[in-house]
Amino acid sequence: MKEKRQKRIIDLIENNQIETQEELANLLIRDGFAVTQATVSRDIKELSLFKAPQKDGKQVYAVAKKTEIQNATEEKYIRVLKDSTASIEAAGNLLVIKTGAGMGMAVGTAIDALHIKEIIGCIAGDDTVMCALKHHEKASQVQHYLEHLIS
C-alpha cells in the first residue's frame, strides 16, 4: 500500500501545483488512501520531495531526479573524505586510511556509500579505516582514485 501511495504522490506532484501537506493529503484521501498529515510528511521525506519556487511566487512540491539526489549525496561523502583524510596507504589487498581524531567511522561510511566496486568492506576505528579489496592488484588503483577525490 505504501508503494502504491507513494507512486500516486509522485503522480499528483508532477501534475498539480501542491503547496501544502494538507492539500496533498486531501488529494490522496479523495483517491481512496487513508492518510494522516504524519503519513504524508514521512512520504515527503522518503521521496526526497522539495519545495520549488514558481514564477507567481508560490512554493510547490517537486520531485528531485535520482541523479540529482545521487550527485548531492556523493558530493557530501567526498567532502567528508576531503575534510577528514590524513593519508592513504596500500598494504596487500588492504587500504589503511588515517583520519582526524574521531573521524574514522565517518570516512568508512563515506567510502562504503561511494560503492567502489573493488572494495568489499571497511572496518573503521577512531582515526583509522581499513578497507579490504577483492584483489591486491587493484590496491594502488583504488588508493590513487581516493587520493584524487580528496585532492
Side-chain angles (χ1 to χ4, degrees), residues 1-86 88 95 97-135 138-139 141-151:
M1 188 63 149
K2 177 179 173 179
E3 185 176 317
K4 187 176 180 182
R5 181 182 68 245
Q6 288 185 347
K7 283 182 183 179
R8 183 63 183 142
I9 289 171
I10 290 170
D11 183 53
L12 288 168
I13 299 275
E14 289 177 338
N15 294 299
N16 299 280
Q17 290 197 337
I18 300 172
E19 294 182 71
T20 67
Q21 291 180 10
E22 183 179 356
E23 266 182 83
L24 182 55
N26 289 335
L27 289 170
L28 288 167
I29 290 167
R30 180 199 71 190
D31 290 347
F33 293 94
V35 297
T36 64
Q37 185 275 329
T39 303
V40 171
S41 180
R42 277 191 300 274
D43 286 339
I44 287 169
K45 185 174 181 175
E46 288 176 17
L47 293 169
S48 299
L49 302 179
F50 65 98
K51 291 272 192 121
Q54 303 300 295
K55 291 179 184 176
D56 60 5
K58 292 181 180 178
Q59 297 256 338
V60 299
Y61 283 105
V63 179
K65 293 178 177 53
K66 287 277 190 207
T67 55
E68 290 172 357
I69 296 168
Q70 290 167 339
N71 289 343
T73 301
E74 188 172 292
E75 287 174 19
K76 288 179 190 175
Y77 289 125
I78 291 170
R79 173 63 51 207
V80 168
L81 292 175
K82 284 182 178 183
D83 293 346
S84 305
T85 302
I88 304 171
L95 288 180
I97 302 167
K98 294 291 190 178
T99 72
M103 294 305 297
M105 292 292 282
V107 169
T109 299
I111 290 170
D112 285 341
L114 292 174
H115 303 290
I116 300 168
K117 66 181 181 181
E118 290 86 2
I119 297 176
I120 54 178
C122 296
I123 299 172
D126 182 64
D127 63 356
T128 304
V129 180
M130 293 184 65
C131 298
L133 304 174
K134 290 179 185 177
H135 306 286
K138 298 288 185 174
Q141 178 184 351
V142 175
Q143 176 185 358
H144 292 309
Y145 173 71
L146 290 173
E147 288 172 340
H148 170 74
L149 287 179
I150 64 174
S151 63

Non-hydrogen side-chain atoms of L81 and Y77 separated by less than 4.5 Å: no
Student check: side-chain heavy atoms of V40 and L28 closer than 4.5 Å: yes
Side-chain (S84) to main-chain (V80) donor-acceptor, under 3.5 angstrom: yes
Side chain to side chain contact (heavy atoms under 4.5 Å, CB included) between E14 and I10, worked out: CA-CA 6 Å; E14 289 177 338; I10 290 170; 3.7 Å; yes
Separation of K82 NZ from E75 CD (nearest 0.5 Å): 9.5 Å
Test item: Q143 side-chain N/O and A139 main-chain N/O as donor-acceptor pair under 3.5 Å: no
Trace of the side chain to side chain contact (heavy atoms under 4.5 Å, CB included) decision for L24 with Q21: CA-CA 5 Å; L24 182 55; Q21 291 180 10; 5.5 Å; no
Of all pairs that satisfy salt bridge (Lys or Arg N to Asp or Glu O under 4.0 Å), the ones with a partner from residues 31-47, not counting sequence neighbours: K2-E46, R5-D43, R8-D31
Residue of the set I9, L49, L12, N26 for which side chain to side chain contact (heavy atoms under 4.5 Å, CB included) holds with I18: L12
Minimum-distance pair of heavy atoms, taken over all atoms of A25 and V35: O-CG2, 3.8 Å
Check: Q54/Q17 side-chain N/O donor and acceptor closer than 3.5 Å: yes
K58 atom NZ, over 12 foreign heavy atoms within 6.0 Å: no
Option among T85, I78, I88 that satisfies the side chain to side chain contact (heavy atoms under 4.5 Å, CB included) test with L146: I88
R79 and D83 ion-paired at < 4.0 Å: yes
Interatomic distance, I13 atom CD1 to Q6 atom CD [nearest 0.5 angstrom]: 11.5 Å
Check residues 100-125 and write down every donor-acceptor pair under 3.5 Å in which the side-chain atom is one partner and the other belongs to a residue at least two apart or another chain.
{"residue": "T109", "atom": "OG1", "partner": "M105", "partner atom": "O", "Å": "2.9"}
{"residue": "H115", "atom": "NE2", "partner": "A113", "partner atom": "O", "Å": "3.3"}

4.5 Å side-chain heavy-atom contact, F33 and K4: yes
Heavy-atom closest contact (L133 atom, L95 atom, distance): CD1-CG, 4.2 Å
